Amino acid sequence: MLTFQESVSLFIKTFVKPFESPEKLHKGSSGRIAFIGGCDEYIGAPSFAALSSLFLGCDYAYVLCLSNPNPIRMLCPDAVVIEMKKLYEIAREFEFQESGISSSDFFGLSSRVYPTINALRVNALSIGSGLGRSLAAKVMLYTCMKVAQHKRIPMVVDGDGITLLCDMVRDGWLEFPIKNVDITLTPNFRELLALCIVSKIFESDEIRKDDHKKRSVEDIFKEFMNISSQTFSLSQAVSTSGDAEILSSLDDRLKDACSLITKLCKLTNCSILSKGAIDIVCVKEPVKFSATKSTAPSVSDSPVCRTPSKQPKQPVPSLEQMIAHDRDFEIVCKPVYSLKSPCRAAGQGDIIAGAVSTVLASLNAIKVRQDVFPDEISKRFGGLACASILVSIAAVLTYHKYSIGLTTSDILKSFKFAGKTVEKVSKSSVAFPTPFSSLFKYFNDAVE
Ligand SMILES: NC(=O)C1=CN([C@@H]2O[C@H](COP(=O)(O)OP(=O)(O)OC[C@H]3O[C@@H](n4cnc5c(N)ncnc54)[C@H](O)[C@@H]3O)[C@@H](O)[C@H]2O)[C@@H](O)CC1
Ligand SMILES: Nc1ncnc2c1ncn2[C@@H]1O[C@H](COP(=O)(O)OP(=O)(O)OP(=O)(O)O)[C@@H](O)[C@H]1O
C-alpha cells in the first residue's frame, strides 16, 4: 500500500500520461461524464460541477436537469444540457396525491427515463449537485443506480443526491450496503450525519465498544467540527513541510472521525470523500461486478412517498456480520491536509463533486493507468485526495486575490489552472513523492 503522498504524486504523474501520445486520443478519451442535477432553485450547482470537470480535463460533460435547461446552457455552453422537465412535471402529479406514489408507478417513471440515461456514452455518472428533493429527483437517483450498475461505471452521489439516498434507505426502498454499484459519496457535514443516522452506525456494537468515554456520536461530530481551528494550523504545517504522514500528531478527535467514516464506508459499501475544514477520503476496493448479468439495486415493493416510518424488509446487518461476510474488504481512510480558504462561499462542494467525477471517469476510461499503481485502493485514494487538494488550493489562491469578496465562480476561474498545474508537476524534476508545497507553488505560478 502506498503512503498518502506517494498515492497523490503517482496519480498526478499518471493523470496526464495519455496526453503524451495525443495521436491515440479522441473526443471522450479523457472522460465523458453525465451530471444529473439542477432544478428550478439550483442552476449554479450543476454548472459548477460540469465546468469543474471540463476544467480538469474531462472531454465531454452532459447535464441532465429537471428545470428549464436554458440558464444552464448559458452558464455552461461547453456542456450538452438535456432537459428532464417532463419527468419533473409528471412526478409532481403524484406528489399531490394523498396516498403518494405506488411502487409500480415509481418503477414506471424510472423505466421512462432509463433509456435516455442509458443511451449516454459516459464513463461516469454524477448525481445530486443542485438536484432538489422532488419525487422526480428520487426517480433519477434510482435510475442512475441502475444505469451505473448496467454499464459498470462509477457513480458519484453529492448534495441532494445523498439526502435522497438517505430518505430511500430510511423508507425501505434501498438497503445498505448497496451492492453491485460503484458509488462514491461526497457528503458535507450535514449529509455525513444523515448517512450515519440512516446506516444505524450509532447502534453498532463496535461504536459502543470503541466509545470508552461514552460520548454520543453526535458529540463526536460536534467535536469534529470544533477541531477545525487546531487542525487548520496542523494542516498548514503539513502543507508547507510536505509531510503528510505525521499521523502520530493527529488529534484524537480527527482519528475518531476517520474511524467513524471507515465504518460508514463498510456499512454503505461506498467510498466517501467527506467535506469540511479537513476533508477525509475513505476508499474501498472498487466494486467487483459479478460475472452473471447483474440485477437492479435492491428496492422493496413499498410506496416511496409519505411513508417516513417504513422500515426495510431486512434489517441492516451489524458491522460484525458485514466484516465477517466480506472478509477481504480493504479500506483506506485518511484526512487530506491542505491549505483552506477561510471564505465559505456556497458551491465549493459542487466543484469537488465535478473534480471527483473527473478523476473516477478518467481512471475508468484509460485502462493503461491501472498498471502503474500497485493496488486499486492507492490509485483511487490518490485520485480523490488529489481532487480535494486541487480544489482547496484553487480556493486559497483565489481568496488571496478577492478576500471576503470571493465567490465560487472566482474559484472556478482559478481551478481552470489545476490541469496545467498537474501537467507541470508531472513533467517537472521535483522529488517523488511531490511535496505539497511544490504543488501549491506550481498552482500559484499557473494562476499568475
Ligand atoms: N448556486 C447553486 O445552485 C447552489 C446549489 N447548491 C445545492 O443546493 C443543494 C442543497 O444544499 P444546501 O447548501 O442548501 O444544503 P446543505 O444541506 O448543505 O445545508 C443545509 C444547512 O445545513 C447546515 N450545514 C451545512 N453544512 C454545515 C456545516 N459544515 N456545519 C454546520 N452546519 C452545516 C447549514 O445550517 C445549512 O443551512 C445541494 O444539492 C447543493 O448542491 C449548493 O451547492 C449551493 C450553491
Ligand atoms: N470549516 C471550513 N473551513 C475551511 N474550509 C472548509 C470548511 N468547510 C468546508 N470547507 C471547504 O469547502 C469544501 C466544500 O465543503 P462544504 O461543506 O462547503 O460542501 P457543500 O456544503 O457540499 O458545498 P456546496 O455549497 O457546494 O453545497 C470542502 O471540501 C473544504 O475544502
Side-chain angles (χ1 to χ4, degrees), residues 35-52 63 65-67 71-72 75-76 126-134 137-138 140-141 156-167 185-195 218 221-236 239 254 257 272-281 335-357 384-399 406-412 414-415:
F35 291 91
I36 296 91
C39 59
D40 284 342
E41 291 90 345
Y42 308 128
I43 297 301
S47 316
F48 293 149
L51 283 170
S52 142
V63 177
C65 64
L66 294 169
S67 56
I72 300 180
L75 285 172
C76 187
S126 180
I127 184 162
S129 303
L131 183 65
R133 297 176 195 174
S134 61
K138 217 177 252 185
M140 291 297 273
L141 175 65
V156 176
V157 184
D158 181 49
D160 288 326
I162 298 176
T163 306
L164 291 172
L165 188 73
C166 291
D167 287 353
L185 303 166
T186 54
N188 65 14
F189 170 69
R190 189 196 60 75
E191 291 145 3
L192 187 66
L193 187 56
L195 282 164
E218 281 89 344
F221 259 84
K222 277 191 204 130
E223 288 177 14
F224 171 42
M225 294 315 293
N226 289 339
I227 58 171
S228 55
S229 52
Q230 298 157 34
T231 39
F232 201 76
S233 48
L234 178 59
S235 193
Q236 307 232 351
S239 312
L254 193 52
I272 297 170
L273 192 164
S274 148
K275 297 174 290 190
I278 302 282
D279 290 355
I280 295 178
V281 172
V336 179
Y337 290 108
S338 174
L339 292 167
K340 295 276 182 188
S341 148
C343 182
R344 304 290 325 105
Q348 293 182 55
D350 304 318
I351 304 186
I352 296 204
V356 164
S357 311
L384 297 194
C386 188
S388 158
I389 292 169
L390 289 173
V391 177
S392 296
I393 297 179
V396 171
L397 292 177
T398 322
Y399 176 77
L406 175 89
T407 63
T408 299
S409 304
D410 299 322
I411 300 176
L412 255 182
S414 302
F415 192 67

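Atoms within a ligand are numbered from 1 in the order they appear, just like the ligands themselves. This is a predicted model, so every value here is computed, not measured.
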Mind listing the side-chain donor-acceptor pairs of residues 37-48 below 3.5 Å, one per line with the distance, residues two or more places apart or on another chain?
| unit_1 | atom_1 | unit_2 | atom_2 | d |
| --- | --- | --- | --- | --- |
| Ser47 | OG | Ile43 | O | 2.8 |

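- Any N or O atom pair closer than 3.5 Å counts here, and Asp158 shares no such pair with ligand 2.
- Between Asp158 and ligand 1, not a single N/O pair is under 3.5 Å apart.
- Any N or O atom pair closer than 3.5 Å counts here, and Lys340 shares at least one such pair with ligand 2.
- Proximity to Asp350 (heavy-atom distance under 4.0 Å) selects the following atoms of ligand 2: 26 (O).
- Nearest-heavy-atom check against atom 32 (N) of ligand 1 across Phe189, Phe48, Tyr42 picks out Phe189.
- Residue contacts with ligand 1, taken as heavy atom pairs separated by less than 4.0 Å, involve Ile43 solely via the backbone atoms N, CA, C and O.
- At a 4.0 Å heavy-atom cut-off, ligand 2 does not touch Glu191 at all.
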Would you be so kind as to tabulate the donor-acceptor pairs closer than 3.5 Å made by side chains of residues 343-350, with sequence neighbours excluded?
| unit_1 | atom_1 | unit_2 | atom_2 | d |
| --- | --- | --- | --- | --- |
| Gln348 | NE2 | Cys343 | O | 3.0 |
| Gln348 | NE2 | Ala345 | O | 3.2 |

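- Under a 4.0 Å heavy-atom criterion, Gly349 is not in contact with ligand 1.
- No N or O atom of Ile352 sits closer than 3.5 Å to an N or O atom of ligand 2.
- Here the rule is side-chain contact (heavy atoms from CB on, under 4.5 Å) with Ile393, and of Leu397, Val391, Val396 only Leu397 fits it.
- No option in Asp158, Val156, Leu165 other than Leu165 meets the side-chain contact (heavy atoms from CB on, under 4.5 Å) test with Leu185.
- The distance criterion of under 3.5 Å between nitrogen or oxygen atoms is not met by Ala345 with respect to ligand 2.
- Around atom 24 (P) of ligand 2, the closest heavy atom drawn from Gly347, Ser274, Gly44, Cys343 belongs to Gly347.
- Residue-ligand proximity, Ala346 to ligand 2, at heavy-atom distances under 4.0 Å covers atoms 25 (O).
- For Pro342, no heavy-atom contact with ligand 2 is shorter than 4.0 Å.
- Contact record, Asp279 with Ser388: OD2-OG, 2.8 Å, taken as the closest heavy-atom pair.
- The distance criterion of under 3.5 Å between nitrogen or oxygen atoms is met by Ala45 with respect to ligand 1.
- Here's the thing with Gly130: one of its N/O atoms is less than 3.5 angstrom from an N/O atom of ligand 1.
- Below 3.5 Å of separation, one finds an N or O of Asp350 facing an N or O of ligand 1.
- For a threshold of 3.5 Å applied to N or O pairs, the pair formed by Gly44 and ligand 1 contains at least one separation below that value.
- Residue contacts with ligand 1: Gly276 is excluded, as none of its non-hydrogen atoms falls under 4.0 Å.
- For atom 16 (P) of ligand 1, the nearest non-hydrogen atom from the set Arg133, Glu41, Arg190, Gln348 belongs to Arg190.
- Residue nearest to atom 30 (C) of ligand 2, selected from Gly276, Ser392, Pro187: Gly276 (by heavy-atom distance).
- Of the listed residues (Asn188, Val391, Ile411), the one carrying the non-hydrogen atom nearest atom 17 (O) of ligand 2 is Asn188.
- Among Arg190, Arg344, Gln348, the residue whose heavy atom lies closest to atom 16 (P) of ligand 2 is Arg344.
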